[in-house]
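In the text below, chain A, chain B and the rest are named by the order of the sequence lines, each starting its count at 1.
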There are 2 protein chains.
Amino acid sequence: MSDRERLLAVAAGLFARQGYHGTDIADVAKAAGLGRDALHRHVESKEALLYTISRARVDHVTGQAAAALGAGHPPEDLLRTLARGLLRDVADHRAEWAVFLREHPALTGDRQADVLAAHERYADQWRQALDRGVAAGVLREAPAALVPGVVGMLSHPALWDAPADPDALADAYLDALLGGLRATRPASAP
Amino acid sequence: MSDRERLLAVAAGLFARQGYHGTDIADVAKAAGLGRDALHRHVESKEALLYTISRARVDHVTGQAAAALGAGHPPEDLLRTLARGLLRDVADHRAEWAVFLREHPALTGDRQADVLAAHERYADQWRQALDRGVAAGVLREAPAALVPGVVGMLSHPALWDAPADPDALADAYLDALLGGLRATRPASAP
């Protein structure tokens, strides 16, 4: 792990434990074992740390989703790949996701706009995946408002206990969403 | 609004804006226009404020859900009543819900256990409502892990922009969950 990666992990842990507003940049430097000058070579401010932590997770799942969208999966497999990818990243980087979800309102100006735009691009990849299912005749049209709910459902575990088996949980959520909870199933559905 | 209600609303607004850890009890007293002694007549500590804010929202939706469970609604109407009740309370008390979702890990000892138990009782009401649908032959059995996901889906808007029309959003989420996103529908489903 590079100094920079360690710094981000340490900062995410502190922000998750004691809040972004409750953490001083000097606490981060101390916990990372860096002097203030060394810290400032990696990151210009506490807000830049919050921005970098948030963008790193959102960009990671966006990169995963772009690869999945490019891989030619059948629509349901594509959705499952997105769901598992997101929930696995939430489980693997729970502090970072908790910090992003809780603290993004503390970002200011361009940094906040930029993180929200990145999150919107990720949601848009879910929309594309759902649209492909509709175009293929596999899925019905879903309201646009559903997408943030699905992303919210798959990322909320960051606020609670980390899931023991993120793939199984992603499948449980996705199966409910795809198949629905009503008892009567069409004879043709799997 | 009583002094106590105003105090809780002011504290929730401050905690939501500048974080629980970033807010001093003196900031709350000042913003509420109360002296430190007057504040301490209403609440013993900053942590007691966080606890009271969190319990108030969870207890409110639990009371709503108990009334709905007692009203003899058909299973789908019951689920819709729970979904709309939760999302409407999130929209009406967005700062309080944001504070609960973000800051509950800052509660200690019995206060944290108590808030988590209250949240679990609320989730259990969703389980009861789903179980009634299964018993009535209307719903299929859903994995236990689904319930926190549904509650997470319906409460995540507290972390983002407040929904303009919480009833419509609750319906969009619930319709997707009940009917599923697959295109082929059974002839008998509505």
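Between B:H60 and B:H93, the ring planes lie tilted relative to each other; the angle falls in the 30° to 60° range. Ring orientation note: the planes of A:Y173 and A:H156 are tilted relative to one another, at an angle of 30° to 60°. Using a 30° and 60° split on the angle between ring planes, A:W126 and A:Y122 fall in the perpendicular class, above 60°. Ring-plane geometry between A:F100 and A:W97 is classed as perpendicular, the angle between the planes exceeding 60 degrees on a 0 to 90 degree scale with a lower cut at 30.
There is no contact between B:A106 and chain A, counting heavy-atom distances below 4.5 Å. Within the 4.5 angstrom heavy-atom criterion, atoms from both the backbone and the side chain of A:P148 approach chain B. When heavy atoms are compared at a cutoff of 4.5 Å, B:V134 does not approach chain A at all. Neither the backbone nor the side chain of B:F15 comes within less than 4.5 Å of any heavy atom of chain A. Of the two parts of B:L116, only the side chain, counted from C-beta on, holds a non-hydrogen atom closer than 4.5 Å to a non-hydrogen atom of chain A. Contact of B:L130 with chain A is made through the side chain alone, with heavy-atom distances under 4.5 Å. For A:V151, no part sits under 4.5 Å from any heavy atom of chain B, backbone or side chain. Only the side chain of B:L169 has a heavy atom closer than 4.5 Å to any heavy atom of chain A.
When the candidates B:G149, B:A16, B:A168, B:G19 are compared by the number of heavy-atom contacts under 4.5 Å with chain A, B:G149 comes out ahead. For the set B:E103, B:Q18, B:R17, the entry with the most heavy-atom pairs within less than 4.5 Å of chain A is B:Q18. In terms of heavy-atom pairs under 4.5 angstrom with chain B, the leader among A:A145, A:P105, A:P143 is A:A145. Note on A:T23, A:V150, A:L159: by heavy-atom pairs under 4.5 Å with chain B, the leading option is A:L159.
Remark: A:R6 engages A:D3 in a salt bridge, criterion side-chain N to carboxylate O under 4.0 Å.
Summarising the local packing, CD of B:Q128 is surrounded by more than 12 heavy atoms from other residues, nucleotides or ligands at distances under 6.0 Å. A 6.0 Å sphere centred on CZ of B:R127 holds more than 12 heavy atoms belonging to other residues, nucleotides or ligands.
Pairing each heavy atom of A:L101 with each of A:A158, the nearest pair is CD1-CB, 4.1 Å.
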